[in-house]
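In what follows, a structure is listed as structure tokens, so that the remarks can point back to it.
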Amino acid sequence: IAHVGNNHIWDFGSEGIQETKRYLEEGDVLYFGDSGGKTESVLIQEVGGMRIGFVSYNEFSNGSEARALESLKKLDVTVDFLVLYTHWGNEYENVPRPDQVVLARQLVAAGADIVVGSHPHVVQASEVVEGAPVYYSLGNLVFDQYFEKGVRCGALLSVEIKEGKILSHELISVSLEKTRQTTLEACE
């Protein structure tokens, strides 16, 4: 499942969005993301007998916060597990902004079982809020930035869920090599 709700989704206009969606569909890749109303910001998928809801919040899309909170509240009673995927924060900063921390608590209160963030290009802190893990930024996974260690270090997130409850969650370090390959290695 790909999240397409980010600040670059409009770089090539509506034609670029349509082409991205077509390529994903041709590759049988499901997608969701708040791009300002041009892409579905919610996806519900059946996985292992559970209904999992994926909700997008894109700080760079007007009205996205209200849409995400409304979607979480609505889906909280119809799905077994809710993933809130965010695109937020300040680039290259190692800590989330105070307003992100406040919003993370609101997203969890609205029903998010886990909050997963992107945009800062560096891995940021994580915490548990009322039993829900919040990962503010996973850093880069595939990107053409190599100018410092922070942007060459990213993370994958492994989450084990059973009957709508998180059994475990952990970050797996990745390293973006100058060869343009991403490896499952801790950054050096």
Side-chain angles (χ1 to χ4, degrees), residues 1-6 9 17-18 20-59 61 63-88 96 100-101 103-119 123-142 154-174 182-184:
I1 296 173
H3 181 255
V4 296
N6 62 66
I9 194 65
I17 292 175
Q18 294 308 315
T20 298
K21 291 162 89 172
R22 186 176 73 249
Y23 283 135
L24 290 169
E25 290 164 1
E26 287 173 1
D28 291 324
V29 177
L30 299 173
Y31 59 88
F32 72 108
D34 190 334
S35 62
K38 304 297 180 189
T39 305
E40 291 296 322
S41 60
V42 171
L43 174 69
I44 299 173
Q45 188 65 27
E46 181 99 10
V47 179
M50 290 181 292
R51 285 176 46 89
I52 300 178
F54 296 87
V55 177
S56 175
Y57 164 64
N58 180 359
E59 169 179 299
S61 177
S64 185
E65 182 177 325
R67 285 190 295 275
L69 289 166
E70 179 182 329
S71 295
L72 287 168
K73 290 174 186 172
K74 184 186 291 184
L75 290 175
D76 192 33
V77 296
T78 64
V79 299
D80 301 307
F81 192 81
L82 272 171
V83 177
L84 189 286
Y85 198 92
T86 68
H87 199 75
W88 61 359
Q100 289 175 259
V101 174
L103 180 55
R105 281 153 177 67
Q106 293 170 341
L107 295 166
V108 169
D113 293 303
I114 190 167
V115 176
V116 182
S118 64
H119 180 67
V123 177
Q124 289 184 338
S126 63
E127 64 175 326
V128 176
V129 175
E130 296 181 29
V134 176
Y135 290 89
Y136 288 97
S137 175
L138 298 182
N140 288 333
L141 178 63
V142 177
L156 298 172
L157 179 60
S158 175
V159 182
E160 184 180 0
I161 307 165
K162 184 174 182 179
E163 297 176 2
K165 303 290 182 214
I166 295 176
L167 300 180
S168 65
H169 55 98
E170 69 173 316
L171 288 180
I172 301 167
S173 295
V174 298
T182 301
T183 60
L184 290 172

| query | Can you name the nearest heavy-atom pair linking Ser71 to Val55, along with the distance? | reply | CB-CG1, 3.9 Å
| task | Measure the shortest side-chain to side-chain distance between Thr20 and Tyr31 over non-hydrogen atoms and say whether it is less than 4.5 angstrom. | result | no
| query | How close do Ser41 and Phe32 get, heavy atom to heavy atom, and via which atoms? | reply | O-CD1, 3.9 Å
| Does any non-hydrogen side-chain atom of Leu69 lie less than 4.5 Å from one of Leu107? | yes
| request: Given side-chain contact (heavy atoms from CB on, under 4.5 Å), test Val101 with Tyr136 step by step and report yes or no. | output: CA-CA 9 Å; Val101 174; Tyr136 288 97; 3.7 Å; yes
| query | Looking at NZ of Lys21 and OG of Ser35, how far apart are the two atoms once the value is rounded to the nearest 0.5 Å? | reply | 7.0 Å
| field | Qualifying residue for side chain to side chain contact (heavy atoms under 4.5 Å, CB included) with Leu82, from Asp113, Val115, Ile44 | value | Asp113
| said: Please find the pair of heavy atoms, one from Val108 and one from Glu130, that lie closest to each other, and give the distance. | reply: CG1-CB, 4.2 Å
| Exercise: identify the closest heavy-atom pair between Ile9 and Ile17 | O-CG1, 3.3 Å
| query | Does CD in Glu163 sit with more than 12 non-hydrogen atoms of other residues, nucleotides or ligands closer than 6.0 Å? | reply | no
| said: Going by side chain to side chain contact (heavy atoms under 4.5 Å, CB included), Ser56 matches just one of His87, Arg67, His3, Glu40. Which one? | reply: His3
| query | Are Phe54 and Tyr85 close enough that some pair of their side-chain heavy atoms sits under 4.5 Å apart? | reply | no
| message | Test your reading of the model: is there a side-chain donor-acceptor pair from Ser173 to the backbone of Gly154, 3.5 Å cut-off? | response | no
| Any Pro133 side-chain heavy atom under 4.5 Å of Ile166 side chain | yes
